[in-house]
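Let me begin by presenting the structure, written as structure tokens, before commenting on it.
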Amino acid sequence: MVPPEARGAAVAIGNFDGLHRGHRIVINAAHELALAQDVPLGVVTFEPHPRELVQPAAAPPRLTSFRRKARLLQELGVDYVFALRFGPSLMRLSAAEFVHDLLGGKLGVAAIVTGEGFRFGHRRQGDTELLYRLASGLGIQCRTIDALDFEGMRCSSSRIRDLLTSGDVEKAAALLAAPYAISGMVRRGDQRGRTIGFPTANVHPIDGKTLMPGRGVYAVEASRRDGNAMPAVANLGTRPTFDGRNMLLEVHLLDRSLDLYGERLEVRFLARLRGERKFDGIDQLRGQIEKDCERARIILGVAPRIPPSSAAATAAIAPIFTS
């Protein structure tokens, strides 16, 4: 049931996976209409993503979980998020029913903003031209926002997925207007790092549908529930040096040791340091990871590590990644 105070909002409609710069322009346009009409700002979105139900095998991995999407929308100043449960009943609605009964009736929206490719109604029969015709009959104002090109790249969720899959987290961040982030729970692994004194946190994504960037080593920031960013290096891969088979996200905090087991950790990918490699042994791996950490320090603005005074000290503090 929609509360009375939420009715009459100016809404942006879409899946908004990733909430990239193009999405934000759509929401900003809805905000302008909300201010002009002195009504609340709302977002109408769908959960789950329609393709997860209609074409589950072809459904793209998510850039944002619903929980993270809701939090980001709140940070953008959205007053109400109308999450439409995408299922058989919604799929059966004709385009006219979607506008008249749902948007105009149940939600009572005052204005609608969409991206240029928005489709709606049974079998996606409705387009923006039909939306304008149907909404105008109800006195609902409509706007359509063209796709955005940013720094020579088309700003779209599919483009961002391609960039992340290739490991280009910096270009992906440019389109997202923020670093790509994954939230997960820290669970116990095989504790290889613990044997030399510096274990890594094994982060298991909370949403199994989350997109994982390409394999490799990354400069990252990690945050606990308190939100404080901690500089870190992350390895994402199967640990070929140790003949690993499972994909793991392992995070090493620079210059600090914390017991993170059972905690929720958000990992923000800032730069890719290198691809996944198989090393001839622990010593070679240790040397490369030390170089990775020093590069990460430069990128993250962390003070250089003070060199140890002995080989024993090196063995004690060198961060180990099982990759």
Side-chain angles (χ1 to χ4, degrees), residues 63-64 68 71-72 75 163-164 167-174 176-189 191-194 196-206 210-237 239 247-277 285-308 313-323:
L63 298 174
T64 45
R68 177 173 172 77
R71 176 164 60 85
L72 291 174
E75 292 174 1
L163 289 170
L164 290 171
D168 198 339
V169 295
E170 292 174 277
K171 284 186 179 178
L176 286 166
Y180 182 65
I182 292 175
S183 291
M185 301 301 296
V186 179
R187 299 179 183 171
R188 291 187 182 275
Q191 300 183 334
R192 287 186 184 274
R194 182 176 293 277
I196 55 97
F198 275 78
T200 56
N202 296 300
V203 181
H204 293 246
I206 293 173
T210 299
L211 183 144
M212 302 296 281
R215 299 179 185 184
V217 177
Y218 295 86
V220 304
E221 289 180 338
S223 298
R224 305 164 87 174
R225 290 186 182 274
D226 60 14
N228 292 328
M230 299 177 287
V233 179
N235 180 77
L236 178 59
R239 308 186 300 176
M247 181 71 71
L248 295 175
L249 173 58
E250 300 174 295
V251 178
H252 170 71
L253 304 179
L254 295 174
D255 301 328
R256 68 181 70 193
S257 179
L258 298 173
D259 183 359
L260 298 173
Y261 290 128
E263 290 199 37
R264 183 188 184 112
L265 207 65
E266 181 177 274
V267 182
R268 293 181 291 278
F269 293 80
L270 301 184
R272 190 173 193 239
L273 302 175
R274 62 176 173 86
E276 185 177 52
R277 290 172 53 191
L285 173 61
R286 179 184 293 118
Q288 179 60 57
I289 294 300
E290 287 179 335
K291 293 177 182 177
D292 295 336
C293 287
E294 292 310 310
R295 284 189 60 202
R297 289 173 186 279
I298 295 172
I299 293 169
L300 300 171
V302 178
R305 177 176 61 88
I306 298 174
T314 302
I317 71 171
I320 289 294
F321 290 91
T322 47
S323 62

How long is the span from the [atom1] atom in [X] to the [atom2] atom in [Y], to the nearest 0.5 Å?
{"X": "Ile299", "Y": "Glu294", "atom1": "CD1", "atom2": "CD", "result": "11.5 Å"}
{"X": "Asp255", "Y": "His252", "atom1": "CG", "atom2": "NE2", "result": "7.0 Å"}
{"X": "Ile182", "Y": "Leu63", "atom1": "CD1", "atom2": "CG", "result": "10.0 Å"}

Hey, does [Y] have a side-chain heavy atom less than 4.5 Å from the side chain of [X]?
{"X": "Cys293", "Y": "Leu254", "answer": "yes"}
{"X": "Pro179", "Y": "Glu221", "answer": "no"}
{"X": "Leu258", "Y": "Met230", "answer": "yes"}
{"X": "Leu248", "Y": "Thr200", "answer": "no"}
{"X": "Ile289", "Y": "Asn235", "answer": "no"}

Pairing residues for Ala173 by the side chain to side chain contact (heavy atoms under 4.5 Å, CB included) criterion, not counting sequence neighbours: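 Listed in chain order: nothing, the list is empty.
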Which residues share a side chain to side chain contact (heavy atoms under 4.5 Å, CB included) with Ala178, sequence neighbours left out: none
Contacts of type salt bridge (charged side-chain N to carboxylate O under 4.0 Å, His left out), residue Arg68, not counting sequence neighbours: Glu266
Residues in salt bridge (charged side-chain N to carboxylate O under 4.0 Å, His left out) contact with Arg224, at least two apart in sequence or another chain: Glu263
Arg71/Glu75 under salt bridge (Lys or Arg N to Asp or Glu O under 4.0 Å): CA gap, chis, key distance, verdict: CA-CA 6 Å; Arg71 176 164 60 85; Glu75 292 174 1; 3.4 Å; yes
Step-by-step side chain to side chain contact (heavy atoms under 4.5 Å, CB included) determination, Tyr180 to Leu211: CA-CA 10 Å; Tyr180 182 65; Leu211 183 144; 3.6 Å; yes
Smallest separation among heavy atoms of [X] and [Y], with atom names:
{"X": "Arg188", "Y": "Tyr261", "answer": "NH1-CE1, 3.1 Å"}
{"X": "Leu163", "Y": "Ala172", "answer": "CD1-N, 3.8 Å"}
{"X": "Gly216", "Y": "Arg272", "answer": "CA-NH2, 4.3 Å"}
{"X": "Ala234", "Y": "Val220", "answer": "CB-CG1, 3.8 Å"}
{"X": "His204", "Y": "Asn202", "answer": "CD2-O, 3.6 Å"}

Check: Arg297 side chain, Ala303 main-chain N or O, donor-acceptor pair, under 3.5 Å: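 Between the backbone of Ala303 and the side chain of Arg297 there is a qualifying donor-acceptor contact (under 3.5 Å).
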Donor-acceptor pair, side chain of Arg295 and main chain of Leu273, under 3.5 angstrom: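 Indeed, once roles are kept as given, a pair shorter than 3.5 Å links the two residues.
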Member of Leu236, Val203, Val186, Val233 meeting the side chain to side chain contact (heavy atoms under 4.5 Å, CB included) criterion with Val251: Val203
Side chain to side chain donor-acceptor pair (under 3.5 Å) involving Ser223 - partner list, sequence neighbours excluded: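 In terms of side chain to side chain donor-acceptor pair (under 3.5 Å), with neighbours along the sequence ignored, Ser223 is linked to Arg268.
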Residues that Tyr218 engages under ring-ring contact (aromatic ring centres under 6.0 Å, His included), provided they are two or more places apart: Phe269
